[in-house]
Amino acid sequence: MEAQPESNPTLDGGTPKYRGIGRLLIAYGIKLPIDSGLTGDVVLEAKTTSLAKHYEEDFGAVLLPTFQSSAPRYLIADEAAKRIFFTYLD
């Protein structure tokens, strides 16, 4: 999952043009399995330590065990997934 370059905090000088795109994409990723009768869990790989911190602090993600050569993997599930999902419901 990548955001528009003008919204990437490492490229935009700290003033993103668009906000919330990543959260919306995660919410959609939660919605797809829910629509199929599943739980709505989402797993992400963090390309950088700043993304890992962002996933933990802003999305409530939990670090998963990783293989020796893989990027850190994070799970968004249960209450964390509900909070993100319900952000977009009225």
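Keep in mind it's a predicted model, so treat the numbers as computed, not measured.
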Nearest heavy-atom approach of S70 to T66 is OG-CB, 3.5 Å
What residue among L32, L25, I26 forms side chain to side chain contact (heavy atoms under 4.5 Å, CB included) with Y28?
L32
Taking all atoms of both residues into account, what is the closest heavy-atom pair of A61 and I76, and its distance?
CB-CG1, 3.8 Å
Does the side chain of Y74 reach to within under 4.5 Å of the side chain of V62, using non-hydrogen atoms?
no
Salt bridge between K31 and D35, side-chain N to carboxylate O under 4.0 Å?
yes
Take K53 and E56 through the test salt bridge (charged side-chain N to carboxylate O under 4.0 Å, His left out) and record every step on the way to the result.
CA-CA 5 Å; K53 184 178 177 183; E56 289 176 11; over 6 Å; no
Shortest non-hydrogen contact from D58 to H54?
OD2-ND1, 2.5 Å
Cluster link I30 to F86, ILVMFWY, side chain under 4.5 Å
yes
Minimum heavy-atom separation for A46 to A71, with atom names?
O-CB, 3.6 Å
Distance (rounded to the nearest 0.5 Å) between D41 CG and L75 CG
5.5 Å
What one should report as the nearest heavy-atom pair of P33 and G40 is CG-CA, 3.6 Å
CZ/R23 to CZ/F85 distance, rounded to the nearest 0.5 angstrom?
13.0 Å
Tell me, do I34 and T39 make a side-chain contact under 4.5 Å, heavy atoms counted?
no
Any chance you could measure L63, atom CG, to Y55, atom OH, to the nearest 0.5 Å?
13.0 Å
